[in-house]
Each structure stands twice: as C-alpha cells, then as structure tokens.
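Notes to accompany the following structure.
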Amino acid sequence: MKRSHVIISIVAALLLLTSNLAAANDNGLALTPPLGWRSWNLFGSDVNQPLIEKIMRGMTDRSRTDHSGRPTSLCDLGYCDVGLDDNWQACHSPEAADGMNYHREDGSPIVDLDLFPDLKGMVDFGHSLNLTAGWYGNNCICRDACRDPDECEKQIAADVEAIVRYGFDGWKLDGCGGETDLPLFDDYVRKLSPKPIMVENCHWGNPGVPYYKPDRTLPPSRGCPWNYYRSSGDIGPSYASVMNNLGTVETFRAQNLSYPGCWAYPDMMQVGVVKGGKMVLSDAETRSHFGSWCVVSSPLILSHDVTDDHVVDAVWDIISNREAIAMNQAYAGDSGGVYDKSDAVISLYDETGEEIRIPQYRYLSKPLGEDKGVAVLLMNSGEDAEKLNGIFRDIPHAGCPAKGDDLCSCLVRDIWAHRDLGRFVGSYGAVVESHDAAFLAVTDCEIGERKEDSGINVIESTK
Ligand SMILES: *[C@@H]1O[C@H](CO)[C@@H](O)[C@H](O)[C@H]1NC(C)=O
Ligand SMILES: *[C@@H]1O[C@H](CO)[C@@H](O)[C@H](O)[C@H]1NC(C)=O
C-alpha cells in the first residue's frame, strides 16, 4: 500500500472510530436491551443470600418448554442476569465511619453478613450456572450522603473495588445517597475492573438529579457512562403505574436518546408480581405490559418468583414468547414508541390511589430492520373491548400502502398466537379486550418471497 493510502486509511479508521464513539456506549455491553431478573418487587427489603441463590437455580430450571416444545429455562431465553437490589448493607454498622451508615472510614461498603455471609460465593454460584450477577449501590434504604467530593470519590472507588472483589458483572446505581457521579464511577470501573460492568443508571428520569439522561454530544464515557437508564420513578404494583411508566420513555425516544448500549428503561417489570395473595396484573394486563416493554426496546427485567409454579404457569407463555423477545432485541435506528393515540384520555388509579391520566388507546410501533417489517402494539386501556385499527399508512416504516397499487397487501402476524393472520389492504383491525393489547408484525408487500404468493386471502379492512 502506498504511504498516502496508509495515511488515508488511518484517517478513515479514526473517523469511523470517533463516529462510533459518539454513537453508543463503548463498554461493549447491552448492544441489545439486556434481559434478566431483579429482587426488589419480590423481596423488597427482605432479601438474603439463600433467596437469591434459589432464584438463580430457578432461572436455569428447564422443566418448562418453549413454544416449539423444547425444554427451556429463562436463561435459555436470554434472561441470564440476576440482580440483587437494596438492603444487603449492614445499616448503622458499628464499623461505619463517623456520620456514615454503611461505609467504613476507607470508603468500603459494609455487607450484612447475617443476610449475605458469602457474596463472592453467591456470585460464583451464579457464574457456575452461566448467569451473570448484578449488585446495587448508592442505596436508598439507609443511605449514605457523602459530604464532599473527596469523600464521595473515596466511596465510589471502594464500591468499585468491592464489585471487583466479589466478581459482580453489573451494578444498579440508585439516586439516593451522594454517589451520583456516573462518569467518575465509570472511570474507576475502567481503572480497577478486569471486565466491563453493566450499569443501570437509576436517576428516575429526574432532571433534579445529575446524569439522569444521556448527552449524545459528548463521547460515551462522559455522555452515557452506563448501559440503561431509568426514565421514571419506581414502577408500582398496578396496571395504572405500569401504563404511567410506559409513557415516560416517549420524551427520550423522541430525542433518539434510547439506543444500543444506552437504553431508556421504565423500570423492572410487574409481570407475575403477587400482592396480598393475588396477581397484580390480569393476563390481558400482563400482555400489555410485556408487549409494550418489548416494542419500546426496554430492558426486560423480570421480578416475579421464578420458583413458584402457580405464578410461572400464569406468565410463562407471555415471557417465553421468542418472537416477542426478538422484537424487543431488534433495532433499526429507532427504539420504538407511540405513533398514534386516542384523543380521549381516561383516569386510572394506581396502588396508592393516585390518579393517572393516559390516552384510552395507544398504538405503538418499532421498525425491525430491513426485510423484517414493523412491530405494532394496539393497546386498549379503556374499560370496554374495542376494535382498534392499525392503519398501515400511519405506521412509520410499514410502507404497505404507498405503492400506487391497490392490491398491495401487508402480511399481518399475531405474535401472541404465533400465526400469520393473512394479507390485508389499508389496515388491520383487531378487537382488543379491556386492558389488553394486540401484538402484531406487519410486513410490507414488497419484501422477500411474500411478494410471490400474491392474491391469497386479501382482506379489505378500513377504519
Ligand atoms: C454453561 O455454558 C456452557 C457453554 O455454553 C455449557 O457447556 C454448559 O453446559 C452450561 N452450563 C449450564 C449449567 O447450563
Ligand atoms: C438515532 O440513533 C441511531 C443510533 O445511533 C442512528 O442510527 C439513527 O440514525 C438515529 N436517528 C435519527 C433520526 O437521528
């Protein structure tokens, strides 16, 4: 190669490198939305090592099958990360530094050894099952408000040292104490950890807290030194709260701030969560919840008791739907969200009695990439069943009607039922029960071989 060519190649490579740097977090993790499980919704503050290890076993249990009849564990489906949430710390420890609750003078975190006698053993156990293990810091229960930048840095450094010592793979950094400096945290991970650490930024989408959202004008180690970030406050055990949290991703999606390596996240799921002996969500609500988290490219973090047969039976078909998961993982430059909604707004009440006002109907979509069509979710939050119409020309990237050919039909597939519904011209209408959602793949008529089998089952369907 001529010298000038070498120089041109190097310049081109550098340009490519810098444009990639500006595009995504560069720790190599969460290039698609991560899948896993986290402890808060099930155990709350009442958590310990045996409980987490039991969940780890449950994540790898193959006593159920996927849709094709193959014995399948949650980890086989991709849910391979198990995260420990708040309350592992020895609160008000006598070892704590003056004015601190659970950090020593040298900044190191103090683990409650009655509850977690061997954190490293717990992580090793997860690894032996091919799982990864996530931890949690800047805790909310029993918080530590470091008092100056030096003290905060000392705690961040010592927290990262502890992550490395125990072998954790991930870290949820909450917004309660003083350790809110995510870029500084990332610096210490790069300095001290032999492997990248998957980071959840839990600053609740709250502009009052530093680093609550990415800044794509900065290089990733400054602009998104985490892998997914909360767009909302905590999700609660009610359909209203789930629907409310869903809405919070819209503003980030609209600014293209949810993308590979840096996903907006409306919180772990309430799928299969039980309160007072009852499932919080109906089957219909579970479909709406899971389907919408899929279409907006949210991390899919379960939080139900994966070892309780009754609970697992109720949600298995929904959470083990490989087509739904594939739609969650697909990314073609747009993280997905609402493309249309009803003018009518309704009131729902969450578990605390708070009023949540949301559109009665929301229509969500996400392009799945060349050849793969568009994911569409027709959601009915109203009290009555309703026929909802997916009008093709309104669905971004669907392409179907814009061919100047009336017979150009779109293939519509029912994702919940794993079957093609046929070819439709103009729109597809589905009767959607109260709080339910139709989950569809809509594929353009010009794509692939489907163009060949023209004339089959062309159904006229208009608003
Ligand atoms: C873990 O993964 C390895 C490599 O894919 C496989 O050989 C092994 O059987 C897996 N172990 C378990 C417990 O699933
Ligand atoms: C949004 O970001 C993605 C990933 O960086 C990029 O591919 C896409 O072109 C962006 N879309 C817009 C509308 O800027």
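All ligand and atom numbering here is 1-based and tracks the order in the structure. The figures that follow rest on heavy atoms only: side chains count, while hydrogens, waters and symmetry mates do not. The shown structure was predicted, so the numbers you read here are calculated from the model rather than taken from an experiment.
Using a 4.5 Å heavy-atom cutoff, the side chains of Ile301 and Trp40 are not in contact.
Trp226 and Tyr211 have their aromatic ring centers separated by at least 6.0 angstrom. Remark: aromatic rings of Trp263 and Tyr331 are close, center separation under 6.0 Å.
Against a heavy-atom cut-off of under 4.0 Å, Tyr331 is close to the following atoms of ligand 2: 2 (O), 3 (C), 4 (C). Atom numbering of ligand 2 starts at 1 in the shown order; those under 4.0 Å from a heavy atom of Gly333 are 1 (C), 8 (C), 10 (C), 11 (N).
Residue contacts with ligand 2 for Arg216 involve side-chain atoms from C-beta outward but no N, CA, C or O (heavy atoms, distance under 4.0 Å).
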| query | Given the rule in the side chain to side chain contact (heavy atoms under 4.5 Å, CB included) test, do Tyr229 and Leu257 qualify, once you have shown the distances and angles that lead to the verdict? | reply | CA-CA 10 Å; Tyr229 61 100; Leu257 288 181; 3.6 Å; yes
